[in-house]
Amino acid sequence: MHNKVYRLALAAIAGATLLTAAPAYADGNVQCKSGPVKNWKPIAKMKKKVWMEGWELLKLQVEGDCYEVYARNESGQSIEAFFHPVTLEKLLVYRRGSEIYRSPTFPE
């Protein structure tokens, strides 16, 4: 009986771990090294930058120390992009989880 309870407890712990583990996204390691938030450009300027890219903005948020943008490009494809919040430089762009753009100044 004790062995069954032990196995059940282990299975419950393993199951709980799987349910609480965060999914691995392509953006899991994106770091902009942008410094204090007080130096960041306003969200309104980021929205204008997205518009200047020719994209339709779907969602804009802060992810870690970067601006993360969900948008549709000129072809209507869904993309995810990361911008440096101080310079508004486009750093990375993903489509369907695959990297399609990397700034030459952004490290591998």
Side-chain angles (χ1 to χ4, degrees):
M1 182 71 169
H2 177 56
N3 197 16
K4 278 187 172 183
V5 171
Y6 179 74
R7 284 185 185 175
L8 185 60
L10 281 178
I13 290 169
T17 301
L18 288 173
L19 290 174
T20 60
Y25 293 106
D27 59 22
N29 296 322
V30 177
Q31 294 181 0
C32 292
K33 299 178 182 156
S34 54
V37 175
K38 68 180 182 176
N39 297 330
W40 291 16
K41 297 247 183 345
I43 292 281
K45 289 193 181 218
M46 185 66 246
K47 288 179 180 180
K48 183 176 181 181
K49 172 80 172 175
V50 170
W51 179 76
M52 296 294 290
E53 290 281 339
W55 299 347
E56 174 192 355
L57 180 64
L58 302 173
K59 181 178 179 182
L60 178 105
Q61 66 186 27
V62 174
E63 178 63 38
D65 64 344
C66 303
Y67 281 142
E68 181 179 29
V69 170
Y70 293 91
R72 292 197 196 284
N73 65 13
E74 307 85 3
S75 304
Q77 298 167 325
S78 295
I79 55 172
E80 175 185 17
F82 293 86
F83 290 81
H84 193 283
V86 176
T87 64
L88 298 185
E89 177 187 5
K90 180 173 55 176
L91 301 174
L92 291 168
V93 180
Y94 293 97
R95 185 170 43 103
R96 293 185 174 170
S98 296
E99 185 178 302
I100 60 171
Y101 173 82
R102 178 179 290 265
S103 169
T105 63
F106 194 72
E108 289 286 329

Open item on the list: Looking at every non-hydrogen atom in both residues, tell me the closest pair between W40 and P36 and how far apart they are.
Closed with: CD1-O, 3.3 Å
TODO: Find out whether L58 and E56 are in side-chain contact, i.e. whether some heavy atom of one side chain is under 4.5 Å from a heavy atom of the other.
DONE: yes
TODO: Report yes or no: do L92 and V69 belong to one cluster of Ile/Leu/Val/Met/Phe/Trp/Tyr joined by side chain heavy-atom distances under 4.5 Å?
DONE: no
Open item on the list: Could you check whether any side-chain N or O of S75 sits under 3.5 Å from a backbone N or O of Q77, counting only pairs where one atom can act as donor and the other as acceptor?
Closed with: no
- [ ] Nearest 0.5 Å please: distance from the CE atom of M46 over to the CD atom of Q61.
- [x] 12.5 Å
Task: Minimal non-hydrogen separation, I79 against R95, with atom names - done: CG2-CB, 4.2 Å
Task: Heavy-atom pair of closest approach, residues C32 and D65 - done: N-OD1, 2.9 Å
- [ ] Starting from W51, walk the hydrophobic network (Ile, Leu, Val, Met, Phe, Trp, Tyr; side-chain heavy atoms closer than 4.5 Å) and list everyone else you reach, by chain and number.
- [x] M52
Task: Within-4.5 Å side-chain heavy-atom neighbours: Y67 and V50 - done: no
TODO: State plainly whether one hydrophobic cluster holds both I43 and W55, where clusters connect Ile, Leu, Val, Met, Phe, Trp and Tyr through side-chain heavy atoms under 4.5 angstrom apart.
DONE: yes
Task: Under 3.5 Å donor-acceptor, K41 side chain and V86 backbone - done: yes
TODO: Compare every heavy atom of E74 with every heavy atom of G54, then report the nearest pair and how far apart it is.
DONE: O-CG, 3.8 Å
Task: With sequence neighbours excluded, residues passing side chain to side chain contact (heavy atoms under 4.5 Å, CB included) with S78 - done: R72
Task: Interatomic distance, H84 atom NE2 to K33 atom NZ [nearest 0.5 angstrom] - done: 9.5 Å
TODO: Please report the closest heavy-atom contact between F82 and E68, naming both atoms and the distance.
DONE: CZ-OE2, 3.4 Å
Task: Pi-cation contact, F83 with K49 (under 6.0 Å, within 45°) - done: no
Task: Single-linkage hydrophobic cluster Y70~L60, side-chain heavy atoms < 4.5 angstrom - done: no
Task: Test item: L91 and V30 side chains (from C-beta on) under 4.5 Å apart, heavy atoms - done: no
- [ ] Check F106 against Q31 and note the closest heavy-atom contact, atom names and distance.
- [x] CE1-O, 3.5 Å
